[in-house]
Amino acid sequence: MALIVQKFGGTSVGTVERIQQVAEKVKKFRAEGHDIVVVVSAMSGETNRLIGLATQISEQPSPRELDVIVSTGEQVTIGLLAMALIERGVPAVSYTGNQVRILTDDSHTKARIQQIDDQRIRADLKQGRVVVVAGFQGVDEQGNITTLGRGGSDTTGVALAAALKADECQIYTDVDGVYTTDPRVVAQARRLEKITFEEMLEMASLGSKVLQIRAVEFAGKYNVPLRVLHSFQEGPGTLITIDEEETMEQPIISGIAFNRDEAKLTIRGVPDTPGVAFKILGPVSAANIEVDMIVQNVSHDNTTDFTFTVHRNEYVKAQQVLEATAQEIGAREVIGDTKIAKVSIVGVGMRSHAGVASRMFEALAKESINIQMISTSEIKVSVVIEEKYLELAVRALHTAFELDASNSQAE
Ligand code: ADP
Ligand code: ASP
Ligand code: MG
């Protein structure tokens with residue numbers, strides 16, 4: 001008999017019928033004798049709808065009030081699922097983040113979990129109840145409701161599994177595992193049997209939204225056995241594992257991640273003097289804007305161009321900051337581009353293989369896709385390209401690195 005935390009995402013609880021199906025599934029696990037804690041998201045589309053309501057009232061909603069509003073989505077689904085279980089004769093009880101006491105810091109809309117009180121849940125499990133917990137939400141020291149950032153129910157699931165020392169955390173979703181790339185973009189994408197925490201963390205932070213980054217961080221830190229599975233289809237899913245050697249396949253590249261969330265800003269004709277990077281990026285970071293990729297051109301006529309990317313949501317703010325800096329330091333102009341995308345190849349196999357980046361560049365060149373920026377680390381290479389070429393680029397790279405499903409079957 002095991003203690004299992006099962007997290008069901010938005011589409012898996014998107015209708016009353018699906019909630020009934022989830023209840024059947026949980027009942028089956030329960031009948032096998034396992035202790036079950038279920039974490040649920042809001043019904044799919046609900047969180048967006050709630051944010052939409054808020055932005056009709058206020059262009060820049062108060063983060064505290066926004067959390068009060070968006071946390072309600074999960075409160076509905078926990079009640080419905082607990083009821084569906086009770087209807088089936090399975091004793092169940094639902095809790096909000098506050099009721100469990102999932103304590104977070106006070107960074108509204110992107111709070112971090114600090115501590116989880118496991119007493120109430122343990123007492124219920126002991127009484128034979130299934131405990132249904134609202135994902136995505138917590139409470140700060142002052143009792144304010146907080147939320148954990150989009151996709152945050154994954155993190156609730158993993159954090160609960162860590163706190164309860166669960167035997168496994170199962171993330172049930174609308175795909176049957178982690179794929180070499182988003183299967184909705186590349187039909188040839190292949191499910192991975194296993195992926196390392198390190199690779200999954202890169203994939204998540206480079207745009208693969210199948211798991212929230214913090215969930216992967218948490219799982220790695222507390223060594224929570226984590227598996228991604230399909231809610232309504234049988235199958236082994238994908239195991240996120242600590243051991244590189246354990247992964248059966250050892251391809252150079254495990255996956256391709258991409259995102260359209262960034263925008264690019266360039267400040268041109270900057271007098272090339274020591275401290276210039278600090279003068280430009282200092283005010284950006286002081287405005288709390290996170291910078292991702294950075295490129296400084298070789299100086300020409302004693303001036304240089306400086307380019308960096310930020311989240312698209314912060315593009316306008318960053319542009320204003322940069323305009324002010326340009327005036328101050330006598331730069332020629334500020335230009336920006338929001339129609340960019342970042343494509344990344346990820347794999348621990350890269351460590352032992354040279355020429356991975358050039359193979360990537362070659363594949364993009366063959367499709368006549370221009371690379372605007374490049375950044376590399378030990379296990380990833382990222383490039384910025386024009387957004388309209390994104391899908392073409394991902395498909396070309398998927399083929400170039402022999403990730404296509406037909407390839408693997410031929411082997
Ligand atoms: P949930 O609501 O269950 O949390 P999400 O929409 O957050 O589901 O995550 C599942 C989605 O992630 C899939 O439908 C898929 O389109 C997308 N996705 C992106 N990259 C990958 C990947 N590498 N493997 C699997 N799914 C991916
Ligand atoms: N409902 C939240 C969201 O849509 C949290 C989650 O689904 O994980 O982002
Ligand atoms: Mg999700």
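Remember, it's 1-based here, ligands and their atoms both numbered in the order they're listed. As the structure is a computational prediction, the values presented were derived from the model and not from experiment.
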So for V228 against ligand 1, with non-hydrogen atoms under 4.0 Å, the contacting part is neither
Which ligand 2 atoms does S41 reach within 4.0 Å, using its non-hydrogen atoms?
-> 6 (C), 7 (O), 8 (O)
Near V178, which atoms of ligand 1 are under 4.0 Å from a heavy atom of that residue?
-> 24 (N)
Find all atoms of ligand 2 within a distance of less than 4.0 Å from any non-hydrogen atom belonging to G151, and give their numbers and elements.
-> 3 (C), 5 (C), 6 (C), 8 (O), 9 (O)
The residue among E24, M83, M43 that forms side chain to side chain contact (heavy atoms under 4.5 Å, CB included) with I19 is M43
Would you mind running through ligand 1 and noting each atom that sits below 4.0 Å from a heavy atom of D174?
-> 10 (C), 11 (C), 13 (C), 14 (O)
Part of E74 with heavy atoms under 4.0 Å of ligand 2, whether side chain, backbone, both or neither | side chain
Is a salt bridge present between E391 and R395, judged by a nitrogen-to-oxygen distance below 4.0 Å?
-> yes
Atom indices of ligand 2 within 4.0 angstrom of R150 heavy atoms, with elements = 3 (C), 4 (O), 9 (O)
Atom CZ of F232 with >12 non-hydrogen neighbours under 6.0 angstrom = yes
State whether any protein heavy atom lies less than 4.0 Å from atom 6 (O) of ligand 1.
-> no
So, D261 and K209, do they make that salt bridge, N to O below 4.0 Å?
-> yes
Got a list of side-chain donor-acceptor pairs under 3.5 Å for residues 125-138, not counting sequence neighbours?
from	atom 1	to	atom 2	distance (Å)
R129	NH1	D124	OD1	2.6
Q137	OE1	G97	N	3.1
Q137	NE2	S71	O	3.0

Nearest neighbour in protein (non-hydrogen) for atom 25 (C) of ligand 1 = G177 O, 3.4 Å
Shortest non-hydrogen contact from E202 to S377?
-> OE2-OG, 3.8 Å
Check: V216 and F218 side chains under 4.5 Å, non-hydrogen atoms | no
Contact with ligand 2 for G152, non-hydrogen, under 4.0 angstrom = yes
Any heavy atom of P183 under 4.0 Å from ligand 1? The part involved is side chain
Output the list of atoms in ligand 1 that are nearer than 4.0 Å to some heavy atom of Y179, sorted by atom number.
-> 22 (C), 23 (N), 24 (N), 25 (C)
Parallel, tilted or perpendicular: ring planes of Y172 versus F8, cut at 30 and 60 degrees | parallel
Enumerated ligand 1 atoms positioned under 4.0 Å from heavy atoms of K7 = 4 (O)
Would you mind checking which non-hydrogen protein atom is closest to atom 15 (C) of ligand 1, with the distance to 0.1 Å?
-> D182 OD1, 3.4 Å
